Amino acid sequence: MISKIFALRRNKHLRMKKSGMAARRGGTRSRGRLARQRIGILVCGFLCAYGLIGLRLLQYGMMRQAATGTIGRTTTPASRPDILDRYGELLATDLNMVSLYAEPHRIVDADEAVEKLATVIPDLDWLETHKKLVSDSAFQWLRRQLTPRQQADILRLGIPGIGFRPEKRRFYAAGTVASHILGHVNVDNQGLAGMERYLDQQGLTDLRSTGLASGVALSPLRLSIDLRVQSIVHEVIAHSLAAYQAEAAGAVVLNANTGEVLAMASVPDYDSNNPSRRLADGSVDKEYEKGWFNRMSNATYEMGSTFKSFTLAMGLDEKKITLNSVIDATRPLRMAGFTIHDDHGQGRPLTVPEIFQYSSNIGTAKIAAMVDLDAHKAFLTKLGLLTKMDTEIPEVATPTQPRVWKPINQATISFGHGVATTPLQTAVAGAALINGGKLISPTFLPRTQEQTASVARQVIDPSTSAAMRFLFEWNGTKGSGRSAQVEGFHVGGKTGTADKVINGRYAAHLNFNAFLAGFPIDKPQYVVLTIIDAPLTGEKGGRLAAYTAAPMAKAIIERSGSLLGVEPHFGTGRDKLLVNY
């Protein structure tokens, strides 16, 4: 019995021992599983953390790319089309350039970088460049449009954090010669003036914005300009500006039968390659920027006695006078408290050709008075002299006129005071007087005869035009136009000397002079209009248009007539003009 009890106890002890051992083994396995779970959680935590860091880095990189936009871009920038003259001579083209940029966060030593860059770019603004290099932005332009030589020199410096982007720079082969026609572009190659701005207005801006113009060679734009004649015109007016000590000068050569502008220039002018010239201190030369102003199309002037051409044409077209009419110009004309007199009065009645020859204010005012005020205004409007001119270049001024026309206004307007027009539209209206009576809008693009027929408007009777050709030829051989006569080219024209308007008042000591010419006047092919603003001297000591503007026209016609294809012929054409009339 006792042995059984010991046996039972021993068995119980063995069972308890085995049970403890099993419990201990179970606890060990449980702790192992727990450890593995903890390690798994830790690994997952690290993976999540690194994943978030990676995503953040990717997001940051995308943000930088969006911020910089152009960093690392190597695609060819959008080009502008070449601009050519009527014979294919290059006027404007694009050159491949590079621009320098910096990524400030990659700059190691800003001071050292500035010092190195200054060795290649002498006019570098040290302070401004340093501010850019230490800024918080991801991208900074340092210098636009560097030459390939400058790019190579900067690359040799080995500055980290800077790079280059390919760009285009507009180059104007003629420099200042045609600046007011071509205009200029900004640093991003966008047209700001002249035919460059016209190009953008025709859809080039839209092509560039959509990327369709990038790397594509666009068809050249051919102008109506003859670069040879343009160079002559520019040289003549630049010489006259200095010789006559004037404030400004200008000229235009216009095809009388198509409206094509063969040449047009205004001085002071500027270089289209460097539209905003900078001084040594980095500021813009304001005096130089005054040359941006195109006085031929974007300025209005009282054109003086050239307007007598339109008044006499009105009298002839309205059948109020003929070439044989006689007007009493014996005494000054008194109107509304003002006295109208002649500077070259003859003190006697004058025929219509004599009124034109002696530039009689009295005779012209009396002819104007034969026409109703409304009819006079309508006639000038019909010639395009009172409305804004329509042409390609954007820089076009609107003429000015009295708010209410009174008889005194009609009288002064008849001889070129009281209405201000642009010289270019005066030339266009002048062409209508002598080309058979058709007003043709001016163009800076080539125009065919068929295209001309679609835009030409008959504004005066052909017989009136024939009479005006006779008057122009008469004054060209007998009157003030003799100063513009070129042997063999039969130049006819009318001078205009007007008192210059300063602060709303006429200055007795300063003139605005103009000369309106056509040649060969028996069968006109071209119109030339020259202006000279406030000349202090002139040929033979005179400040009148006959001694300033007329000789300018002579110099232009003398040098360019043959280039324009006009065959000189000798002998008078007056008999032929009379027969035609």
Side-chain angles (χ1 to χ4, degrees), residues 252-260 303 305-325 351-353 355-357 364 367-368 370-371 375-376 378-386 414 421 424-442 447 449 452-479 481 484 489-496 515-529 566 572-581:
V252 60
V253 178
L254 183 74
N255 187 315
N257 301 302
T258 66
E260 294 171 289
M303 297 299 294
S305 294
T306 58
F307 246 60
K308 291 172 182 171
S309 309
F310 308 120
T311 305
L312 268 60
M314 177 181 66
L316 291 165
D317 208 53
E318 296 287 334
K319 309 302 181 187
K320 302 298 183 180
I321 58 171
T322 68
L323 289 181
N324 296 319
S325 297
T351 64
V352 169
I355 289 173
F356 206 60
Q357 174 185 348
T364 305
I367 292 173
M370 299 176 186
V371 180
H376 189 174
F379 184 81
L380 295 182
T381 301
K382 184 170 60 174
L383 287 175
L385 291 167
L386 300 182
S414 72
T421 62
L424 178 56
Q425 70 185 138
T426 304
V428 171
L433 297 186
I434 61 176
N435 69 2
K438 295 180 179 180
L439 183 69
I440 307 170
S441 60
R447 180 184 281 166
Q449 291 295 335
T452 301
S454 67
V455 298
R457 291 188 295 110
Q458 193 76 38
V459 291
I460 61 173
D461 192 89
S463 63
T464 301
S465 180
M468 292 308 301
R469 289 195 293 272
F470 176 81
L471 291 176
F472 269 62
E473 196 276 342
W474 178 281
N475 191 59
T477 55
K478 292 180 174 291
F489 287 105
H490 297 275
V491 180
K494 183 70 184 79
T495 53
F515 185 72
L516 174 62
F519 76 100
I521 197 60
D522 54 316
K523 192 175 181 180
Q525 296 182 43
Y526 297 99
V527 166
V528 176
L529 186 137
V566 178
T572 179
R574 188 177 306 151
D575 294 337
K576 185 177 179 180
L577 286 165
L578 281 172
V579 170
N580 290 339
Y581 176 67

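Index from 1, following the sequence. No experiment lies behind these values; they were computed from the predicted model shown.
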Exercise. What heavy-atom pair brings Ala429 and Leu439 nearest, and what distance separates the two atoms?
Worked result: CA-CD1, 4.3 Å
Exercise. Is there a donor in the side chain of Thr322 and an acceptor in the side chain of Asn324, or the other way round, less than 3.5 Å apart?
Worked result: no
Exercise. Hey, is the main chain of Ala256 close enough, under 3.5 Å, to the side chain of Asn435 for a donor-acceptor pair?
Worked result: yes
Problem set entry | Exercise: do Thr364 and Ser414 side chains pair donor with acceptor under 3.5 Å | no
For this session: Can you measure from CG (Asn257) to NZ (Lys523) and round to the nearest 0.5 angstrom?
Result: 9.0 Å
Seminar exercise, completed: Rounded to the nearest 0.5 Å, the OH atom of Tyr526 sits from the CG atom of Asn255 at a distance of 5.5 Å
Exercise. Any idea how Phe356 and Phe472 line up, ring-wise: parallel (<30°), tilted (30 to 60°), or perpendicular (>60°)?
Worked result: tilted
Seminar exercise, completed: All heavy atoms of Leu471 vs all of Pro353, minimum pair found to be CD2-CA, 3.6 Å
Seminar exercise, completed: Interatomic distance, NZ@Lys494 vs CE@Met303, rounded to 0.5 Å, equals 12.0 Å
Exercise. Taking all atoms of both residues into account, what is the closest heavy-atom pair of Leu433 and Ser309, and its distance?
Worked result: CD1-CB, 3.7 Å
Exercise. Does Trp474 offer a backbone N or O that forms a donor-acceptor pair with the side chain of Gln357 under 3.5 Å?
Worked result: no
Problem set entry | Heavy-atom side-chain proximity of Val455 to Arg447 below 4.5 angstrom | yes
For this session: Flag the pair Val252 / Val527 as yes when at least one side-chain heavy-atom distance between them is below 4.5 Å, and no otherwise.
Result: no
For this session: Over all heavy atoms of both residues, which pair between Phe515 and Gly481 is shortest? Give the atoms and the distance, please.
Result: CE1-CA, 3.8 Å
Problem set entry | Contact summary for Thr311 and Ala368, nearest pair of heavy atoms | CG2-CB, 3.9 Å
For this session: Mark yes or no for whether Gln458, through its side chain, and Gly436, through its backbone, hold a donor-acceptor pair below 3.5 Å.
Result: yes
Problem set entry | Under the side-chain contact (heavy atoms from CB on, under 4.5 Å) test, residues paired with Ala375 that sit two or more places apart | Val371, Asp372
Exercise. When rounded to the nearest 0.5 angstrom, what is the spacing between CD1 in Ile460 and NZ in Lys382?
Worked result: 8.0 Å
Seminar exercise, completed: Residues Leu254 and Ala427: closest non-hydrogen pair is CD2-O, 3.9 Å
For this session: Go through the structure and list residues passing side chain to side chain donor-acceptor pair (under 3.5 Å) with Thr306, not counting sequence neighbours.
Result: none
Problem set entry | side chain to side chain contact (heavy atoms under 4.5 Å, CB included) assessment of Ile440 paired with Thr258 | CA-CA 7 Å; Ile440 307 170; Thr258 66; 5.8 Å; no
Exercise. Is any side-chain heavy atom of Met468 less than 4.5 Å from a side-chain heavy atom of Leu316?
Worked result: yes
Problem set entry | Gap between atom CG of Leu516 and atom CD1 of Ile434 - 0.5 Å precision | 7.0 Å
Exercise. Does Phe310 have any ring pair (Phe, Tyr, Trp, His ring centres under 6.0 Å) partners at least two apart in sequence or in another chain, and if so, which?
Worked result: Phe307
For this session: Give, for atom CZ of Phe379 and atom CG of Leu385, the distance between the pair rounded to the nearest 0.5 Å.
Result: 9.0 Å
